[in-house]
There are 2 protein chains.
Amino acid sequence: MAAKRPTVTIKEVAEAAGVHFSTVSRALSPATRARVNPAIVARVEETARRLGYRANTAASSLRTRRSHMVGLVVPDLASLLFPAILNGIEHTLQEQGYLTIVADTANDPERHRRILSAMVERQVDGLILASAMLHDAVLDEWLDGPAPIVLINRTDDSGRAPAVLSDDLRGIGLAMEHLAGLGHVRIGHVAGPQTLSTGATRRRGFAAAGAALGRRALPVAEAASFSREAGRLACAALLDAHPATTAVVAANDLLALGCYDALTARGLACPGDVSVTGYNDLPLMDLVDPPLTTVRFRHRDMGAEAARLLLARMAGQETAGDVLLRPELVLRGSTAPPSAAVGRGGAGPAAGGRRSPPRARR
Amino acid sequence: MAAKRPTVTIKEVAEAAGVHFSTVSRALSPATRARVNPAIVARVEETARRLGYRANTAASSLRTRRSHMVGLVVPDLASLLFPAILNGIEHTLQEQGYLTIVADTANDPERHRRILSAMVERQVDGLILASAMLHDAVLDEWLDGPAPIVLINRTDDSGRAPAVLSDDLRGIGLAMEHLAGLGHVRIGHVAGPQTLSTGATRRRGFAAAGAALGRRALPVAEAASFSREAGRLACAALLDAHPATTAVVAANDLLALGCYDALTARGLACPGDVSVTGYNDLPLMDLVDPPLTTVRFRHRDMGAEAARLLLARMAGQETAGDVLLRPELVLRGSTAPPSAAVGRGGAGPAAGGRRSPPRARR
DNA sequence: ATGGGTTTTGCAAACGTTTGCTGACACAAA
DNA sequence: TTTGTGTCAGCAAACGTTTGCAAAACCCAT
C-alpha cells in the first residue's frame, strides 16, 4: 500500500477531477463545502482520496494566519506534575483540531525567551505557560504578542494573563484544619521558593490558616527549590530551630518527601513523632512509605480547563479572570495525632525510623 | 515595552533599511549571511531588531519544504515513563533548532491515524513513535510517507523503521540471574501484553534466561495491559496455578506494583515470602514499600538517542539498525533469598503483610 | 583607461493555499 | 422574448519567504 508519495497538491486533484483548483479548495474545506455542487464535492473527495492528497498546512496558514497549533511551555518536563496536565491539555486541544508543541525551559530565562520566539515564529495560535515566575520579565515581553496567553499552575503578579490554578489558600487551609483537628499545635511550614506564585501563595495560606486557628507566627523554613533535596534541608533547618514541632505542612509533595528524609536522618518517625502533609498528590504518593496525606486537585482538569480558556481567547472571546480549581484533602498515613513525648532532640541516624505503623491502604 | 505588533515582514525591514527584501532574507539567514556585505548585514540586523521583526515560518517552510518541527506520538502521556523520554527528545531537538509536537493516541488506532495525518499535514520533518504495536497497520501506512520515522521504546515486527530500545533480553536476564543467585528456583513471570514488543521480548528473555539456568517451562501469566490492576490479576492467577512460587519477574514496574497488591491480598510478604522484580525504574520506585528491585535504563538517553537518530535520517543519512540501550539491575528491598517455608496457601487479607524489613535506603 | 574576475545586489518566480470578484448558466416571473 | 434572481465555477491576487539568474559594482592588474 501507500504508494511513494511525491506530494500531491490541490492542483493535481483539480486536474484529475476536471475542475478548477479553487473549487477543490472549497470542496475540501468544511466551511465552504456548502458553496459547491454536492456531486462535485463527492467527485473531488473521491479523487483526493485516490491520489492520497494531504493538505499543506504551511500554505494554508500562510494565507489564513491560523496554524491550528498551540505552544505549551513548562519549566521541567520530567516533573511528575506535568504528564497529567499535558494529557488534559493535549486531549481537549486535539478534539478541536489543534496540535500541541511542547518545550522545556529547564528554568533558564534565556532559553525561555528562545522558545517563545521559536513558537511565535511557527505562528502558534496561542500559548499555555506553566513557566511563569512571580515577577516575570520574559512573560512581559510576550503579553502584547500576536498569540493569546494562558497561565497554568503558576501565575505572575501582573494579572495581565488569565491563569488556571489550584486554590492554594483553601488547599493549605484544609491541611491545617486537619492537623489542628488531630490536636497539633506546633505546626511548621516548609515553604517553596517565594519567587513562584505557588510558593508564595501557599505560604500566605499557611499564615492565614494559622491565624484563623489563633496561632500567629508559626515557623516557616523556605526551600530553595521544589525538590526533595531542598525539602530535606529546609525541614532540617525547621526542626533545628523548633525541635518541638509535631507537624509540618510542606508546600508540595516533593518537599514532603524531603521532610521524610530529614525525619529519618534524625531518627524521628512519621507520623509517630512528626506528621507531614504534601500538596499535589503526585502519582504513587499512595505507595510511598508512609503513604502521604496531601492536597489533591485534578491535574488533568487543570490542563483541560487551560485549554478551554485558551480556545475561548483564540476565538476572540473575552474571558473572566482566573480559574481556581477546588482542592481536596486526601488522608493517608503520614498524619496522626501528636504523641505526648516532648523535648526530643537526639539526632542519631536510625535506619527504618520512619516506618509507619501498619494501616489499611487506600 | 513590546509595542503592539502588527506583524512586520521582511519587506518592511527592507524598506526601513533601504535595501531590497531579498537582501534582507539573505542577511538574516545564517546560511547566506556570508554572501552579503557585512556592513549591510549589521544594518539589516539592527533594523530588524528595532522593528521587532519575527520570521514567518509558515512562509519559509512553504518555500523550503522544511518546517523544523518533529512529531512525537505516545500511547499515553500520563505514563510515568514518558516525561524523562520526552525531556531527552525535546532537549536534543531544541539544540538543533527543532520544536516538538506531541500527541497522545490513548491507544486508539483511529486516533493514531488522525494524529499522524495532522502531523504530516503540518509538514513535520520527522516522526518519533512510542506507539508502535508489534503488528502495526497504522504504522505501515506511513512508512513510505514524506517524514522519516524512528521508533522508541517499542518496535514493530516489520523492521522497516529503526528503533531505540532497552536491551530487554539482557535486562530480564540480569533480573533472573539475580534471583537465581539468591537461591530462587520457582520463579514466575508476569508478562505484558504480547501485542507489544516490550511484552513479547521480555517474555522471550524470561524463557531464555530460565533455559540458561536449566529451568525450562517456568510459569508465565500474561497481563492484559501494562497496568497495576492487570498486574494484580495476572499475579493472582500465577500464584493460584503455582502456589509454591518464591519469586516473580514482572515485565514492568506497574505490573510489579500490581504483584505487591496481589501478595498483600493473600497475606504474603514481599520479599519475605515472594520476591518481586520490575522493569523501567520509574520515578519513586525507590520510595514505594518495599523499594522495588528493578531493571533500569536511562530514559532520558533513550529520548536523546532517538532524537539523534532522527536528526541523522532527516539529514538524509543512512543509519545502522536499532539502538539497544544497556540495562542495569538496581537492587532494592523487594528481593531476598527464598524462605524455607513451603506449601503456603492461606489467603486471609492480612493488613501490613507486605512491609519490608527495615533496611537502609539508597 | 580597459578588461577580467569577483563580490554584492536586485529581480522575479516559485511554494500551495484561500477568497473576493466576475462571469456563466439555469430557472422563474413578467 | 426579456429581465431578474440565484447558484455555482473560474480567475487571479494575495500570504511571506527563498533562491537561481543576471545586472551592477567593485577591485586589481594590465
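Each chain gets a letter, A, B and so on, in the order the sequences are listed, and its residues count up from 1.
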Original post:
What's the CZ-P distance between B:R33 and D:dT18, to the nearest Å?
Top reply: 12 Å
Side-chain polar contacts of residues 81-90 of chain A - donor-acceptor pairs under 3.5 angstrom, sequence neighbours left out - could you list them?
unit_1, atom_1, unit_2, atom_2, d
A:N87, OD1, A:R300, NE, 2.6
A:N87, OD1, A:R300, NH2, 3.1
A:N87, ND2, B:D104, OD2, 2.8
A:E90, OE1, A:Q94, NE2, 3.0
A:E90, OE1, B:D104, N, 3.2
A:E90, OE2, A:Q94, NE2, 2.4

Distance-only donor-acceptor pairs under 3.5 Å for side chains of residues 312-322 of chain B, two or more places apart:
unit_1, atom_1, unit_2, atom_2, d
B:R313, NH1, B:I149, O, 3.0
B:D322, OD1, B:A163, N, 3.0

Subject >> Minimum-distance nucleotide (side-chain atoms of A:N56 versus D:dT19, D:dT17, C:dG16) >> reply: C:dG16
Original post:
Just how far, in rounded Å, is P of C:dG16 from OH of A:Y53?
Top reply: 10 Å
**OP:** Summarise how protein sits on nucleotides 4-13 of chain C as a single string, 5' to 3': B when a protein heavy atom is under 4.0 Å from the base, S for sugar-phosphate-only contact, - for no contact.
**Re:** ----BBBBBB
Original post:
Atom NZ of A:K11 and atom P of C:dT17: how far apart are they, to the nearest Å?
Top reply: 9 Å
Original post:
Expressed in angstrom and rounded to an integer, what is the separation of B:R66 atom CZ from D:dG16 atom C1'?
Top reply: 19 Å
**OP:** Go through the structure and list residues passing side chain to side chain contact (heavy atoms under 4.5 Å, CB included) with A:L324, not counting sequence neighbours.
**Re:** A:L165, A:D167
**OP:** Whole angstrom is fine here: how far is it from CD1 in B:I10 over to P in D:dT19?
**Re:** 11 Å
Original post:
In dot-bracket, 5' to 3', how would DNA chain C read with Watson-Crick or G-U wobble pairs under 3.5 Å, [ ] for crossing ones and | for pairs to another strand?
Top reply: ||||||||||||||||||||||||||||||
Original post:
Any chance CZ of A:R113 has more than 12 other-residue heavy atoms, nucleotides or ligands included, within less than 6.0 Å?
Top reply: yes
Subject >> Length of the CG-P vector between B:L28 and D:dT19, whole Å >> reply: 14 Å
Original post:
What salt bridge (Lys or Arg N to Asp or Glu O under 4.0 Å) pairs are there with at least one residue in residues 11-37 of chain B, not counting sequence neighbours?
Top reply: B:R33-B:E45
Subject >> Residue list, salt bridge (charged side-chain N to carboxylate O under 4.0 Å, His left out) with B:R65, at least two apart or on another chain >> reply: none
Original post:
Touch check for A:S60, heavy atoms < 4.0 angstrom, all strands: base, sugar-phosphate only, or nothing?
Top reply: sugar-phosphate
Subject >> Spacing of A:L62 atom CG relative to C:dA14 atom C1', expressed in whole Å >> reply: 13 Å
Subject >> Partners meeting ring pair (Phe, Tyr, Trp, His ring centres under 6.0 Å) with B:Y98 (sequence neighbours left out) >> reply: B:H68
Original post:
Taking CD from B:Q123 and C1' from D:dG16, how many angstroms apart are they, rounded to a whole number?
Top reply: 16 Å
**OP:** Please collect all ring pair (Phe, Tyr, Trp, His ring centres under 6.0 Å) contacts where either partner lies in residues 46-67 of chain B, sequence neighbours excluded, each pair once.
**Re:** none
Original post:
Around atom CZ of A:R43, are there more than 12 heavy atoms of other residues, nucleotides or ligands at under 6.0 Å?
Top reply: yes
